[in-house]
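A short write-up of the structure that comes next.
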Amino acid sequence: MTKDDITAEITQQPTTDKRPKLRLIPIWLRLLIVLVLVAVAAIIGAMVGYAGLGEGKAFDVFKPEVWRHILDIMNGKIDK
């Protein structure tokens with residue numbers, strides 16, 4: 001094969017398209033979805049932990065008094 005044969009063979013091959021790929025889900029939407037899923041997982045985890053492992057009701061986890069009590073225990077303000 002000569003240099004001219006190789007050049008002709010290269011020029012006859014189809015070129016690849018260099019257009020940017022269109023994303024089906026934009027990056028900002030992906031980040032939003034991940035943040036929402038993290039928040040939902042944290043809420044469900046708190047409900048399961050408070051009701052399943054603790055001795056409360058699952059929906060009591062949304063009450064501010066419960067969180068004040070938990071933070072007081074964590075900060076050592078209340079002795080058990």
Side-chain angles (χ1 to χ4, degrees):
M1 241 183 188
T2 66
K3 183 178 178 183
D4 293 333
D5 294 337
I6 294 172
T7 306
E9 192 174 315
I10 290 173
T11 57
Q12 290 175 356
Q13 291 178 352
T15 59
T16 58
D17 196 9
K18 297 290 182 185
R19 289 184 293 170
K21 183 179 175 183
L22 181 65
R23 297 186 191 277
L24 294 178
I25 301 175
I27 292 176
W28 65 268
L29 185 58
R30 291 179 191 187
L31 291 174
L32 183 66
I33 291 170
V34 168
L35 289 175
V36 167
L37 290 175
V38 166
V40 168
I43 290 170
I44 291 173
M47 291 174 70
V48 168
Y50 192 72
L53 302 176
E55 296 184 13
K57 296 180 184 174
F59 286 100
D60 285 349
V61 85
F62 298 113
K63 294 181 179 177
E65 308 84 59
V66 171
W67 287 101
R68 265 189 234 109
H69 182 69
I70 291 171
L71 291 175
D72 287 344
I73 291 172
M74 287 173 50
N75 292 328
K77 294 180 182 176
I78 295 177
D79 294 327
K80 276 190 148 185

State plainly whether one hydrophobic cluster holds both Met74 and Val61, where clusters connect Ile, Leu, Val, Met, Phe, Trp and Tyr through side-chain heavy atoms under 4.5 angstrom apart.
yes
If hydrophobic clusters are built from ILVMFWY residues whose side chains come within less than 4.5 Å, do Trp67 and Phe59 share one?
yes
State yes or no: do Ile33 and Trp28 share one hydrophobic cluster built from I, L, V, M, F, W and Y residues joined by side-chain heavy-atom distances below 4.5 Å, directly or via other members?
yes
On a heavy-atom basis, the closest approach of Asp60 and Val66 is O-CG2, 3.2 Å
Check the hydrophobic clustering (I, L, V, M, F, W, Y; side-chain heavy atoms under 4.5 Å; chains of links allowed) and say if Leu32 and Leu37 are grouped together.
yes
Could you state the interatomic distance from CD1 (Ile70) to CZ (Arg68), rounded to the nearest 0.5 Å?
12.0 Å
Provide the closest heavy-atom pair for Tyr50 versus Lys57 in the form atom of the first, atom of the second, distance.
CD2-O, 3.3 Å
Residues, nucleotides or ligands: over 12 heavy atoms within 6.0 Å of Ile25 CD1:
no
Above 12 or not: heavy atoms from other molecules or residues under 6.0 Å from CG of Leu35?
yes
